[in-house]
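This report concerns only the one structure given below.
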Amino acid sequence: MTHHRVRIAPSPTGPLHIGTARTALFNYLYARHTGGTYVLRLEDTDQARSSIEFERDILDGLHWLGLGWDEGPEVAGEAARGPFAPYRQMLRLPLYAEAAERLLAADAAYPCYCTPEELSADRAAQEAARLPPRYVGRCAGLTTEERAARSADGRAGALRFRVGKGVVAFDDVVRGRVEFDVANLGGDFVIVRGDGSPLYHFTVVVDDAAMEITDVIRGEDHLSNTPKHILLFRALGHPEPRFAHLPLILNPDRTKMSKRKSQTAVSDYIEEGFVREALVNYLALLGWATGTEEEVLSIDEIVERFELDQVHKGGAVFDRGRLEWLNGQWIRRLDPDDLVDRLRPFVAAELAAGRIDWMPPDDELRSLLPVIGERLPTLGAIGDLVGFLWVRDLVIEPALLVPKRWDAVTTKQGLASARLVIAETGPVSFEAEELEPPLRALAEEHAWKVGDLFMAIRVAVTGRTATPPLFDTLVALGLERTLERLDRAIAALEGGVER
RNA sequence: GCCCCCAUCGUCUAGAGGCCUAGGACGCCACCCUUUCAAGGUGGAGAUCAGGGGUUCGAAUCCCCUUGGGGGUACCA
């Protein structure tokens, strides 16, 4: 049995994209399922667009998701670990130069001196003639003397790979047999720029060969590039890996998921309070299914069940609603202490934003868990849900105070008598179970609907109509602050309310 | 334009010739629970399996065509 080596090769030209995360996940799943090796390689040859900030965002994001790799740079900007180091393409330049030299020596590639103007003129002419764009091969047959003359002119030669003739076929693990006629590849393509820097199609093959990658698992957008890669593998004298092209993640309009039409940055999902378990679970189920009716799965359970050849062929629309549902499932499954740890930064963010006035201690947060857990679609929703617990002066919309069936006078009377009842229970016995019966009795005594009474109290102490259960909320607030808020609400009702 | 890929409820999917009068999940609707909101439970609407031809005793499943959608066509990755 072969030892599988797979890789994720992100380009630090933008923040970690949901699609990259999914590709990373599938590589991870495959490596772990087969007991193989999972490599991370940074493809930073586009120096104009690459940055260390993006590199950090990508590595941190993948770590956050729990998709650790066996070889590659652990931390942005730092050296990599593994037998094939370095794992950052800008540090591997000599390797590409050497490979380019070999291809040139074998005449598998040749220097091309065409100017951008010539090239775009060619393209324009082809377009006018309604022909597919392709390199015309102006420099393909240059003699050594002609090449020397052009170099002497000071023209920088790019290196073009000879595409040749024939059909390239391969067996894609998810798609089956795929064939391309080399004639449709667009002619000889550039592998090294005029300035000597190598291009993607070239570096990816040189590195996959050097790093002994056995299975290339990537997005479907690379399917049409695969014949170029295969040709390069052959020219370099290296056996071709197996290829598996994953279906794309789509915008709601079924085009390739993009920043323009969807939220694509993993960091944005983290900031909203999605948990890694849910994101991983959701992403794994985009384009793959267990074949059973299991839906909520941990990453280990997914590793166990994952099979690359069960991956779907068709693209999948990113459905945020389903992700939110899974997020709720996972929030409810988390260990309480873990959940407190994860919630804390979101409460801190509320404080930093000035939406609350102080930071609750961990044990307070923890005691709240039973009533807030099932009400949090995301961790970031905690402020909206119970932020009222940690503000000094609650702002209440007076009109909200009066239940639909009541008027201001009744509300005032209701709150005042409720205040009396609550005060009587005293601080020692201020518990949910003790608060409810007397308040219900109060409603009955006045022939009020309990819902109306409870709603008036709810709004008075929280400022909202949707909250966790009322009595748990009162206990969380404490006797003193409960009474204080009731007093303020009663005062606000003075002189009636417009509605 | 050319090349390649794809096609089951709105969405994610089960389905590898008879088990399918097509199953599950999200979302939606109703009911139950209930002090609000959730969560949970029960039920419902929702797919002539893109369309048309074949193959076969039998096709969502195999083949062909059409249509539709997507991706790729750079001295980007």
Side-chain angles (χ1 to χ4, degrees), chain A residues 9-14 43-46 48-50 112 114 116 119-120 123 126-127 129-135 156-160 172 174-175 178-181 183-186 189-195 197-201 203-204 219-227 245 247-248 250 252-256 282 285-296 310 312-326 328 332 371-377 385 403 436 439-440 443 449-455 457-459 462 464-471 473:
Chain A
S11 175
T13 53
E43 309 222 322
D44 55 353
T45 52
D46 184 346
R49 294 196 296 148
S50 295
C112 168
C114 295
L119 261 17
S120 61
R123 198 161 307 150
Q126 286 158 346
E127 204 173 313
R130 303 178 63 79
L131 288 168
R134 62 179 290 122
Y135 177 59
L159 198 62
R160 272 186 198 274
D172 191 283
V174 344
R175 270 145 231 285
V178 184
E179 294 186 358
F180 287 86
D181 189 327
N184 294 317
L185 257 31
F189 57 94
V190 175
I191 55 175
V192 180
R193 293 186 181 92
D195 67 3
S197 61
L199 256 12
Y200 168 74
H201 294 309
T203 59
V204 73
E220 193 199 321
D221 43 351
H222 283 295
L223 188 59
S224 324
N225 293 329
T226 304
H245 287 93
L248 260 21
L250 274 22
D253 65 3
R254 306 203 71 89
T255 54
K256 179 162 89 166
Y282 178 71
L285 261 23
L286 265 192
W288 174 78
T290 59
T292 68
E293 282 173 3
E294 302 169 300
E295 305 267 356
V296 184
Q310 282 172 358
H312 258 230
K313 297 177 171 79
V317 172
F318 189 89
D319 180 358
R320 193 196 156 91
R322 199 171 145 82
L323 171 61
E324 279 183 17
W325 169 75
L326 264 175
R332 273 165 246 136
V371 293
I372 64 175
E374 65 215 34
R375 277 166 254 264
L376 288 173
L385 222 208
E436 187 166 350
L439 254 5
R440 278 190 186 276
K449 293 242 184 208
V450 286
D452 291 335
L453 206 223
F454 289 3
M455 184 54 83
I457 301 173
R458 168 177 292 112
V459 175
T462 70
R464 352 189 25 130
T465 53
T467 70
L470 181 60
F471 304 104
T473 303

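Any value given below was found using the heavy atoms of this structure, including those in side chains, with hydrogens, waters and symmetry copies removed.
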* Asked: Taking CG from Leu326(A) and P from rC26(B), how many angstroms apart are they, rounded to a whole number?
  -> 9 Å
* Please tell me which of the listed nucleotides, rA77(B), rG1(B), rC75(B), lies nearest to the side chain of Val190(A)? => rC75(B)
* Does Lys256(A) place a side-chain N or O at less than 4.0 Å from the phosphate oxygens OP1/OP2 of rG69(B)? -> no
* Structure fact -> Applying salt bridge (Lys or Arg N to Asp or Glu O under 4.0 Å) to Asp452(A) and not counting sequence neighbours gives Arg405(A)
* To do: Just call it for Glu179(A): base, sugar-phosphate, or nothing, with non-hydrogen atoms closer than 4.0 Å on any strand.
  => sugar-phosphate
Polar atoms only, N or O, under 3.5 Å: list the protein pairs with nucleotides 11-13 of chain B and their distances.
unit_1  : atom_1 : unit_2    : atom_2 : d
rC12(B) : OP1    : Val317(A) : N      : 2.8
rC12(B) : O2'    : Leu285(A) : O      : 3.0
rU13(B) : OP1    : Gly287(A) : N      : 2.4
rU13(B) : O3'    : His312(A) : NE2    : 3.3

* Within the pair Thr45(A) and rA77(B), is there a side-chain N or O less than 4.0 Å away from OP1 or OP2? -> yes
* Quick one: which of rC6(B), rC75(B), rC2(B) gets closest to the side chain of Arg175(A)? -> rC6(B)
What pairs of nitrogen or oxygen atoms, one from the protein and one from nucleotides 40-44 of chain B, lie under 3.5 Å apart?
unit_1  : atom_1 : unit_2    : atom_2 : d
rG40(B) : OP1    : Gln329(A) : NE2    : 3.1

* To do: Measure the distance from CG on Leu248(A) to C1' on rG70(B) and round it to the nearest whole Å.
  => 8 Å
* Structure fact -> Those residues at least two apart in sequence (or on a different chain) that pass side chain to side chain donor-acceptor pair (under 3.5 Å) with Arg193(A) are Ser197(A)
* Asked: Mind checking what makes side chain to side chain donor-acceptor pair (under 3.5 Å) contact with Asp172(A), not counting sequence neighbours?
  -> His245(A)
* Asked: Tell me, do Asp221(A) and Lys256(A) make a side-chain contact under 4.5 Å, heavy atoms counted?
  -> yes
* Structure fact -> Sequence neighbours excluded, the answer for salt bridge (Lys or Arg N to Asp or Glu O under 4.0 Å) partners of Glu374(A) is none
* Structure fact -> To the nearest 0.5 Å, atom CH2 of Trp325(A) lies from atom OH of Tyr282(A) at 11.5 Å
* Rounded to the nearest Å, what distance is computed from the CZ atom of residue Arg123(A) to the P atom of nucleotide rC2(B)? -> 19 Å
* Asked: Which listed nucleotide (rG72(B), rC37(B), rA77(B)) is nearest to the side chain of Glu43(A)?
  -> rA77(B)
* Asked: How would you list, by chain and number, every residue that makes a side chain to side chain donor-acceptor pair (under 3.5 Å) with Arg458(A), sequence neighbours excluded?
  -> Thr467(A)
* Asked: Rounded to the nearest Å, what distance is computed from the NE2 atom of residue His201(A) to the C1' atom of nucleotide rA74(B)?
  -> 8 Å
* **Rounded distance in Å between the C1' positions of rG17(B) and rU55(B)** => 11 Å
* **Nearest-neighbour nucleotide for the Thr255(A) side chain, rG71(B), rC3(B), rU73(B) considered** => rG71(B)
* To do: Both distances under 3.5 Å, Watson-Crick or G-U wobble: report the partner of rU42(B), or none.
  => rA30(B)
* P gap between rA25(B) and rA45(B), integer Å -> 14 Å
* Does rG18(B) have a Watson-Crick or wobble partner in any strand here, with both distances under 3.5 angstrom, and which is it? -> rC57(B)
* Asked: Of all residues at least two apart in sequence or in a different chain, which pass the salt bridge (Lys or Arg N to Asp or Glu O under 4.0 Å) check with Glu179(A)?
  -> Arg177(A)
* **Residues in salt bridge (Lys or Arg N to Asp or Glu O under 4.0 Å) contact with Arg322(A), at least two apart in sequence or another chain** => Glu295(A)
* Asked: What interatomic distance, in whole Å, is found between C1' of rC29(B) and the corresponding atom of rU66(B)?
  -> 38 Å
* Asked: Quantified in whole Å, what is the P atom distance between nucleotide rA47(B) and nucleotide rG23(B)?
  -> 12 Å
* Asked: For Thr292(A), which residues count as a side-chain contact (heavy atoms from CB on, under 4.5 Å) partner, sequence neighbours excluded?
  -> Thr290(A), Glu294(A)
* Asked: Do any side-chain nitrogens or oxygens of Arg134(A) fall under 4.0 Å of OP1 or OP2 in rC2(B)?
  -> no
* **Nucleotide nearest Pro133(A) when distance is taken to its side chain, options rC4(B), rU73(B), rC2(B)** => rU73(B)
* Would Glu127(A) and Arg123(A) pass as an ion pair if we require N to O under 4.0 Å? -> no
* Write down the distance between CG (Asp221(A)) and P (rC5(B)), rounded to a whole number of angstrom. => 16 Å
* From rA77(B), rG24(B), rU36(B), pick the nucleotide closest to the side chain of Glu293(A)? -> rG24(B)
* What nucleic acid atoms does Ser224(A) come within less than 4.0 Å of, heavy atoms only: base, sugar-phosphate, or nothing? -> base
* Watson-Crick/G-U partner (both atom distances under 3.5 Å) of rC2(B) -> rG72(B)
* To do: Please work out if Tyr200(A) contacts a base, only the sugar-phosphate, or nothing of the nucleic acid, heavy-atom cut-off 4.0 Å.
  => base
* To do: Would you please name every residue forming a side-chain contact (heavy atoms from CB on, under 4.5 Å) with Asn225(A), sequence neighbours left out?
  => His201(A), His222(A), His229(A)
* Checking all strands, does Asn225(A) fall into the base, sugar-phosphate, or nothing category for heavy-atom contacts under 4.0 angstrom? -> base
* Asked: With a 4.0 Å cut-off, would you call Lys313(A) and Glu220(A) a salt bridge?
  -> no
* **Along RNA chain B (nearest heavy atom to each residue), the more 5'-positioned of Val174(A) and Asp46(A)** => Val174(A)
* Asked: Rounded to whole angstroms, how far apart are CZ on Phe180(A) and C1' on rC2(B)?
  -> 13 Å
* When the C1' atoms of rG46(B) and rC9(B) are considered, how many whole Å apart are they? -> 6 Å
* Asked: Thr467(A) side chain: which of rA77(B), rU36(B), rC75(B) is closest?
  -> rU36(B)
* Check the surroundings of atom CD in Gln310(A): do more than 12 heavy atoms from other residues, nucleotides or ligands lie under 6.0 Å from it? => yes
* Which residue lies more 5' along RNA chain B, comparing Gln310(A) with Leu131(A) via nearest heavy atoms -> Leu131(A)
* **Distance, P atom - from rC6(B) to rA14(B), rounded to whole angstrom** => 15 Å
Under 3.5 Å, which protein N or O atoms sit close to an N or O of nucleotides 28-35 of chain B? Give each pair with its distance.
unit_1  : atom_1 : unit_2    : atom_2 : d
rU35(B) : OP1    : Arg440(A) : NH2    : 2.2
rU35(B) : O2     : Arg458(A) : NH2    : 2.3
rU35(B) : N3     : Leu470(A) : N      : 3.4

* Asked: What is the nucleic acid contact for Val178(A), judged by heavy atoms within less than 4.0 Å: base, sugar-phosphate only, or nothing?
  -> sugar-phosphate
* When you measure from the side chain of Leu223(A), which nucleotide among rC5(B), rG71(B), rC2(B) comes out closest? -> rC5(B)
* Expressed in whole Å, how much space separates the C1' atoms belonging to rC28(B) and rU11(B)? -> 12 Å
* Gap between atom CD of Glu436(A) and atom CZ of Phe454(A) - 0.5 Å precision -> 5.5 Å
* Span that lies between the P atom of rA16(B) and that of rC76(B), in whole angstrom -> 47 Å
